[in-house]
Amino acid sequence: MASPPSSGQPRPPLPPPPARLLLPVLLSLLLSLAPGAWGWSRGAPRPPPSSPPLSIMGLMPLTKEVAKGSIGRGVLPAVELAIEQIRNESLLRPYFLDLRLYDTECDNAKGLKAFYDAIKYGPNHLMVFGGVCPSVTSIIAESLQGWNLVQLSFAATTPVLADKKKYPYFFRTVPSDNAVNPAILKLLKHFRWRRVGTLTQDVQRFSEVRNDLTGVLYGEDIEISDTESFSNDPCTSVKKLKGNDVRIILGQFDQNMAAKVFCCAFEESMFGSKYQWIIPGWYEPSWWEQVHVEANSSRCLRRSLLAAMEGYIGVDFEPLSSKQIKTISGKTPQQYEREYNSKRSGVGPSKFHGYAYDGIWVIAKTLQRAMETLHASSRHQRIQDFNYTDHTLGRIILNAMNETNFFGVTGQVVFRNGERMGTIKFTQFQDSREVKVGEYNAVADTLEIINDTIRFQGSEPPKDKTIILEQLRKISLPLYSILSALTILGMIMASAFLFFNIKNRNQKLIKMSSPYMNNLIILGGMLSYASIFLFGLDGSFVSEKTFETLCTVRTWILTVGYTTAFGAMFAKTWRVHAIFKNVKMKKKIIKDQKLLVIVGGMLLIDLCILICWQAVDPLRRTVERYSMEPDPAGRDISIRPLLEHCENTHMTIWLGIVYAYKGLLMLFGCFLAWETRNVSIPALNDSKYIGMSVYNVGIMCIIGAAVSFLTRDQPNVQFCIVALVIIFCSTITLCLVFVPKLITLRTNPDAATQNRRFQFTQNQKKEDSKTSTSVTSVNQASTSRLEGLQSENHRLRMKITELDKDLEEVTMQLQDTPEKTTYIKQNHYQELNDILSLGNFTESTDGGKAILKNHLDQNPQLQWNTAEPSRTCKDPIEDINSPEHIQRRLSLQLPILHHAYLPSIGGVDASCVSPCVSPTASPRHRHVPPSFRVMVSGL
């Protein structure tokens, strides 16, 4: 194979040997008759012999043995129409267009041989028309510059040929595969798709388109989020696209792989209203039917394939213009199509026939401009004088080709760097057929969507990604309103209690219950109520900065409120405990000022903890993002719930400190309430109600904290639980403290204060039933003290027995005197009996109990008012019954009995001189008959 001559050198002659002068002629005749040899277009009328031809080299597959041979055979009727119309219009007068066809058979070697045979044995071809198979076309196009030949292709769409440095003399009337990328860009912008993914078959043709698309999208604010490629099995790549949340998929693969891709998409549910596939549109008509069997072999049913394909958009060049405009031939594209169909007469159609038709017109117009250029020049060169070494004429033809601009049957024919600026159509697969939905004009850079033709399976175009709507989980306004109303009612109740406490602060019942402490309890409850308003304020009501401030404020208010309320209750209980449980002290005065100091100390501890918390690790606003949820309204969006929290770095540590302190405070309150549970002075002792409050508050706090932690991702539930716990605890505490006082004050104001000695009883378990009443004030933890008191009790019992005997003797002696006996029996004995009967209700100053009462209970036969005179008259001792002895004994014993017994049983203070003037004596003891007083004085 001879190499082409270099540019600018004359073509070397081919002188045959003398013996073989007739061989080229014979070879030429044989080649003209053989398939693939150069000759006239089939069916074209021959021009008059006087017209000089302008030869054009036609390179294309024509044989039936080659798959793409149908392309060449399908475009020949269009070529013949174009040549006939050009000749009829005398566009190239006095020349005529001579197209000589050479069969390349889509084989590199055969195609290259046909090219060199045409150069060697054929006439001087002015241009090359054709080029279908990419490999053959690229080889020939790369050598065109050396032959000064311009090639025009009508079917080579490979992007490789767009390299003008490598193929400067190559043009094509058909848009390249890369020409669809600007159209895709326009489509993406039209539907506002800013995020796409690519799926490419590992073939050079598709890889080049993908690479060019990347360059087109770069800088256009469109993100290629994922780029996947495959060789045989696309399922892995499809799964990765889904994992990267790719909704708009730009595919580059052939129709056989397209079936596999859509089967994988069906398995991964990547179809429907949420996804949009954009694939090449140059597949064969009803291509899915051809690959149906292969799809079934991959366990993909036909209906599954069609379901996944539904709605895909195909992008391809427009075979014929849809505009009703006359072309350069004077006919509309529709008129041309009818003529083409009538002329092909049994030959299969080719979608490239319109580009071949326009290509012949491009060649004719190019040669016309070249002739005009030659005519205008001073060289007086004719176009038929062109040879392969004529660089100047080759440049003239090249420049004339670049100036092409007319409206053909495929649209506006314009070249930009040798590339056709054509029309790109968009088709959509709808109901098992492809429907044209729009077109893109590359010359005007405009996209036209045909009205009401494009259909999406959803109510709107798919989103380019999962639209994540960040939605703040906020407190429901009706819930906040209801709980706020309950809180306001609680605060009104607390205010009523405060008014009641202040108004009745001078009442004995309120005064004895420490009204200042009661005010602190109410203040703590109101602070706890106020914190509910702050807990319900979130990002829907306040700004982020304000919310962060509320995090600190509500924590302080709730903490201080809790400590104020329960600290005051516990301080009151501690005072009762200190007074009634300290058996070593006869008198203990604890004023309210000391209780205020105790509450202040508790608050000081709270403030120290809170200040350190705020200074070292303050609370911040944090946003917790939860997993995406589908839209309840059914829209193609996902909702990502957001929830605001008040947190810091060491939240667990600080909460542990606060909970530990509050827990200890509550345990201390429980201890005091238990210790003073039997002090039966309602005006002074709230231990029973405090115990109930602590129990309820403790249980509710534990339950509320646990449920609140478990429902931290549900702000409405969490706020409802926290608010109800606070309302319940504050309300039950205030009601237990103040409602009994309110009821008592309204029904019986003096019930709690009629016994000013603060009687109390303790019903502890007795170890000795006979000595139970004598040890009620003894500390049960001290065994030694108990034994000592029991022995002292036994000694006093013996003494009582002796005194009883003396009294019995006195009684018997006085019976001998009638007037005195009657007086004593009616007055003195009855009064003493009444005095002694008070032993059940009083206590001694040194821990002794109702000794005389105990003795009388054990010896009921010794009651004075039941003694019979007959028993006293039988005393054998007569000398001691004389009035002198009786008067002497009474004068000594009665004052002793008066001062010994009455202080012990509470009748008279030990320091009182007279038993009749004791200010602390009960009303029962204050009545002493005048005769008794005279008698005692006389004695």
Side-chain angles (χ1 to χ4, degrees), residues 175-200 209-210 212-227 241 245-252 265 270-283 309-323 410-412 414 416 419-431 433-468 635-637:
S176 71
D177 293 336
N178 287 344
V180 301
N181 291 335
I184 292 175
L185 173 62
K186 206 71 175 180
L187 182 69
L188 296 177
K189 289 185 175 181
H190 177 79
F191 291 109
R192 299 180 181 178
W193 291 327
R194 301 294 181 184
R195 185 174 181 270
V196 299
T198 61
L199 182 62
T200 309
V209 176
R210 190 264 319 276
D212 182 76
L213 178 63
T214 302
V216 170
L217 299 182
Y218 180 77
E220 295 292 340
D221 194 25
I222 295 179
E223 173 194 359
I224 301 179
S225 60
D226 192 13
T227 301
L241 289 173
D245 192 32
V246 176
R247 298 287 197 90
I248 311 301
I249 304 101
L250 308 179
Q252 287 293 331
M270 289 185 66
F271 65 96
S273 61
K274 294 183 179 181
Y275 295 91
Q276 182 60 59
W277 289 84
I278 302 176
I279 63 174
W282 43 260
Y283 300 159
M309 291 169 53
E310 185 68 25
Y312 81 74
I313 295 177
V315 187
D316 193 17
F317 54 81
E318 183 73 271
L320 289 176
S321 176
S322 60
K323 296 181 179 180
T410 59
Q412 195 70 26
V414 179
R416 183 178 298 169
E419 294 296 307
R420 167 73 185 275
M421 304 300 294
T423 302
I424 305 299
K425 71 170 181 177
F426 294 96
T427 58
Q428 188 179 37
F429 188 77
Q430 300 176 1
D431 300 328
R433 63 189 183 93
E434 291 183 330
V435 179
K436 182 180 178 180
V437 295
E439 64 179 30
Y440 167 75
N441 189 332
V443 178
D445 191 27
T446 57
L447 175 66
E448 180 184 357
I449 300 296
I450 302 175
N451 295 332
D452 301 327
T453 55
I454 190 167
R455 296 187 315 188
F456 297 105
Q457 299 187 51
S459 59
E460 57 183 357
K463 306 298 182 182
D464 56 3
K465 60 181 178 181
T466 301
I467 302 301
I468 301 176
R635 297 175 296 174
D636 185 19
I637 62 175

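Residue numbers start at 1 and run along the sequence shown. Being a predicted model, the structure only gives us computed values, none of them experimental.
Using modelled atom types, one side-chain atom of E310 and one backbone atom of D431 make a donor-acceptor pair closer than 3.5 Å. Panel note: side chain Q430, backbone T453; a donor-acceptor pair is recorded below 3.5 Å. One N or O on the side chain of D464 and one on the backbone of R194 form a donor-acceptor pair closer than 3.5 Å.
Once rounded to the nearest 0.5 Å, the distance linking OG1 of T198 with CD1 of I248 reads 13.5 Å. With values rounded to the nearest 0.5 angstrom, E439 atom CD is found 7.0 Å from I450 atom CD1. Separating the CD1 atom in I278 from the CG atom in L250 is a distance of 5.0 Å, to the nearest 0.5 Å. For the atom pair R195 CZ and T466 OG1, the distance stands at 7.5 Å (nearest 0.5 Å).
Aromatic ring pairs are classed by plane angle as parallel below 30°, tilted from 30° to 60° and perpendicular above 60°; the pair F191 and F456 is perpendicular.
In summary, the side chains of E434 and Y312 do present a donor paired with an acceptor at a separation below 3.5 Å, with no hydrogens or angles considered. T410 and R420 share a donor-acceptor pair across their side chains, judged by distance under 3.5 Å alone. At a cut-off of 3.5 Å, with distance as the only test, no side-chain donor of D316 or Y283 sits close to an acceptor on the other residue.
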Going through the distances and angles, do L188 and L217 end up as a side chain to side chain contact (heavy atoms under 4.5 Å, CB included)?
CA-CA 10 Å; L188 296 177; L217 299 182; 4.1 Å; yes
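Inter-residue side-chain proximity for M270 and I249 is flagged as met; some heavy-atom pair is nearer than 4.5 Å. In this structure, the side chains of W193 and P462 come closer than 4.5 Å at one or more pairs of heavy atoms. At a threshold of 4.5 Å between non-hydrogen side-chain atoms, the residues Q276 and R247 do not count as touching.
Minimum interatomic distance between Q428 and G311 (heavy atoms only, all atoms of both residues): NE2-O, 3.3 Å. Nearest heavy atom pair, residue L213 against residue N181, reads N-ND2, 3.3 Å. A pairwise comparison of heavy atoms in V246 and V196 identifies CG1-C, 4.1 Å as the closest pair. Contact detail for W277 and A265: the closest heavy-atom pair is CZ2-CB, 3.6 Å. Listed here is the closest heavy atom pair of M421 and A442: CE-O, 3.6 Å. Here the shortest heavy-atom pairing between A179 and I424 reads O-CG1, 3.9 Å.
With respect to the salt-bridge test (charged N to carboxylate O, under 4.0 angstrom), the residues K274 and D245 do not qualify.
Within 6.0 Å of NZ in K323 there are 12 or fewer heavy atoms belonging to other residues, nucleotides or ligands.
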